Number of protein chains: 2
Amino acid sequence: MEDYLKAIYELSSVQPRVSTSQVAEWMKCTPASVTNMLQKLSGLKLVDYTPYQGVELTQAGTKIALSVLRHHRLIELYLEEVLGYSWDQVHEEADQLEHVISEEFEARIDRALGHPKKDPHGAPIPAKDGTLPEERLTNLWDAVQKVELTIARVEDKDSEALRYLAAMGLLPGVRLSIIKKAPFSGPVHVRVGAEEHTLSETLARKIHVTESV
Amino acid sequence: MEDYLKAIYELSSVQPRVSTSQVAEWMKCTPASVTNMLQKLSGLKLVDYTPYQGVELTQAGTKIALSVLRHHRLIELYLEEVLGYSWDQVHEEADQLEHVISEEFEARIDRALGHPKKDPHGAPIPAKDGTLPEERLTNLWDAVQKVELTIARVEDKDSEALRYLAAMGLLPGVRLSIIKKAPFSGPVHVRVGAEEHTLSETLARKIHVTESV
DNA sequence: ATTCGAATTTAGCCTCGGCTTATTTTCACT
DNA sequence: AGTGAAAATAAGCCGAGGCTAAATTCGAAT
């Protein structure tokens, strides 16, 4: 259930209303399973669901989703900072722990980390009160050819990809520029410091950037 | 399931073979539920179960029980040492986390703690290879009137009791002596440093001691 | 040796939080 | 208005438990 709420929350960042099949794809299950769960969540008033019209979180649902997300991101950061995990290892462990830790635990790791604002992948950590500064980011694929871009955030689901990106030095906070993008979905060439790298569309879409200040 | 194995393990320290009703009482459920579970565990070869004759862990079952126990105790210690929990708070949190953490996590907190041998309540932490030094302890209630006793271990289930004991300074490692024990299940009077305290049977039975060296 | 009561098991059924396939419905676009 | 895709139902399964009520078995005392 918490995973469904999280999924709906994350998908909502693009369009406010999320379709059954989007959730199904995200959760890697069949649309029928999703419909089923949406009905349950709707009964619990965690979700505003109209058949055939997609779904949206209610306030209660948003609250839970944000709290799970907060857990997840705090745990990720804690695992990296304190326990020395590499950034591609943290996601899976956090996915388990996020549902289990108490508020006490959350508060304590938050304090131990000095009330951090970002997780290891650059994702903002929701505050306890449900505040979450939503930055409007472009992904590297859709970014126009700018002189200077800064990596703000990297999607954390795919640890393979994370390892690969880390090896190239493509971490949050790093500056880069697009050298050129080949036409017809060709790869994108970027310069990072002195090095140049070629990124596929899939990979480039996982990287979210802002214009450098 | 893991909780059942843990329960059987802990009950086995007294008698090798554990009865259905003992497990039921420990797990706070009905004997029928236990029988049910024992049959499942028996099917999984985790338990050696003969109807009406009680139950015993197999090697595989012991291995799981010890691993869960190791998780539990490492987590308890970590929560206390690193995150600043008080010793009466750690048990509940550990009960949740113990089933969820990865071997990676276990290894990392074990290292962070310097491969500790005891948890905050004085219970030995099983080694990764399943080794567990079993000390033969007496509980304070049954202890003979000795000049000097040392608290080796305190039962961790009841956080009320733990708070009370901590307030009196009755912690593992502390030396004490029995002043007198009133007859007919009367309370036991102990001296701890300069102070004297009176302990009920229930409480005294939660405290395990060794003769001081 | 038989009986009797307590411990235990069996039978039957429930819950939660999921999952699936196969079929039907609905929506939106041509 | 018709059609194809998306979504919803229907029906059923799973694991990992839980319960009560009734039957059984064990062992201890007579």
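In this text the structure is predicted, and so the values were computed from the model without any measurement.
In the set D:dA7, C:dG18, C:dA22, the nucleotide with an atom closest to the side chain of A:Ser19 is D:dA7. The listed nucleotides are C:dC19, C:dT9, C:dT21; the one nearest the side chain of B:Pro31 is C:dT9.
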With a 3.5 Å cut-off and sequence neighbours excluded, list the donor-acceptor pairs that the side chains of residues 65-72 of chain B form with protein atoms.
from    : atom 1 : to       : atom 2 : distance (Å)
B:Arg70 : NE     : B:Glu106 : OE2    : 2.7
B:Arg70 : NH1    : B:Pro126 : O      : 3.0
B:Arg70 : NH2    : B:Glu106 : OE2    : 3.2
B:Arg70 : NH2    : B:Asp110 : OD2    : 3.3
B:His71 : ND1    : B:Glu98  : O      : 3.0
B:His71 : NE2    : B:Glu106 : OE1    : 2.8
B:His72 : ND1    : B:Asp95  : OD1    : 3.4
B:His72 : ND1    : B:Glu98  : OE1    : 2.7
B:His72 : NE2    : B:Glu76  : OE2    : 2.8
B:His72 : NE2    : B:His91  : ND1    : 3.1

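Distances shown here put every side-chain N or O of B:Ser21 at or beyond 4.0 Å from the OP1 or OP2 atom of C:dA7. When the side-chain nitrogen and oxygen atoms of A:Thr35 are compared with OP1 and OP2 of D:dT9, none of them lie within a distance under 4.0 Å. At D:dT9, one or more side-chain N or O atoms of A:Gln39 fall inside 4.0 Å of OP1 or OP2 (strictly under the cut-off). One finds a side-chain N or O of A:Tyr49 lying less than 4.0 angstrom from the OP1 or OP2 phosphate oxygen of D:dA8. A close approach under 4.0 Å does not occur between any side-chain nitrogen or oxygen of A:Ser33 and OP1 or OP2 of C:dG18. OP1 or OP2 of D:dA8 sits under 4.0 Å from a side-chain N or O of A:Thr20. One finds no side-chain N or O of B:Thr30 lying less than 4.0 angstrom from the OP1 or OP2 phosphate oxygen of D:dT20.
The distance from atom CG of B:Leu44 to atom P of D:dG15 is 10 Å, rounded to the nearest whole Å. Computed from coordinates, the A:His99 NE2 to C:dG17 P distance equals 13 Å when rounded to whole Å. Atom-to-atom, NZ of A:Lys28 to P of C:dG18 comes out at 17 Å; the value is rounded to the nearest Å. Rounded to an integer number of Å, the gap from CG of B:Asp3 to C1' of D:dG17 is 11 Å. The distance from atom CD of A:Gln22 to atom P of D:dA6 is 12 Å, rounded to the nearest whole Å. One interatomic measurement links the two molecules: CG of A:Leu38 to C1' of D:dA8, which rounds to 11 Å at whole-angstrom precision. One interatomic measurement links the two molecules: CG of B:Asn36 to P of C:dT15, which rounds to 17 Å at whole-angstrom precision. Separating the NZ atom of B:Lys40 from the C1' atom of C:dT10 is a distance of 15 Å, rounded to the nearest angstrom.
Put simply, the side chain of B:Tyr52 and the base of C:dT9 share no donor and acceptor less than 3.5 Å apart.
With DNA chain C read from its 5' end, the first of the two nearest nucleotides for A:Gln53 and A:Met27 is the one closest to A:Met27.
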> Which is it for A:Lys6 and A:Glu10 under the salt bridge (Lys or Arg N to Asp or Glu O under 4.0 Å) test, yes or no, and what are the steps along the way?
Replying inline: CA-CA 6 Å; A:Lys6 221 177 43 162; A:Glu10 302 211 39; 5.2 Å; no

>> What verdict does the side chain to side chain donor-acceptor pair (under 3.5 Å) test give for A:Gln89 and A:Ser86, after you've listed the backbone C-alpha separation in whole Å, the side-chain angles of each residue and the deciding distance to 0.1 Å?
In response: CA-CA 6 Å; A:Gln89 291 180 303; A:Ser86 63; 3.3 Å; yes

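Looking at heavy-atom distances under 4.0 Å, B:Pro51 makes contact with sugar-phosphate atoms alone, never a base.
Looking only at atom types and distance, the side chain of A:Tyr49 has no donor-acceptor partner in the side chain of A:Gln39 under 3.5 Å away.
In terms of the side chain to side chain contact (heavy atoms under 4.5 Å, CB included) criterion, residue partners of B:Pro31 (sequence neighbours excluded) are, by chain and number, B:Thr20, B:Ala24.
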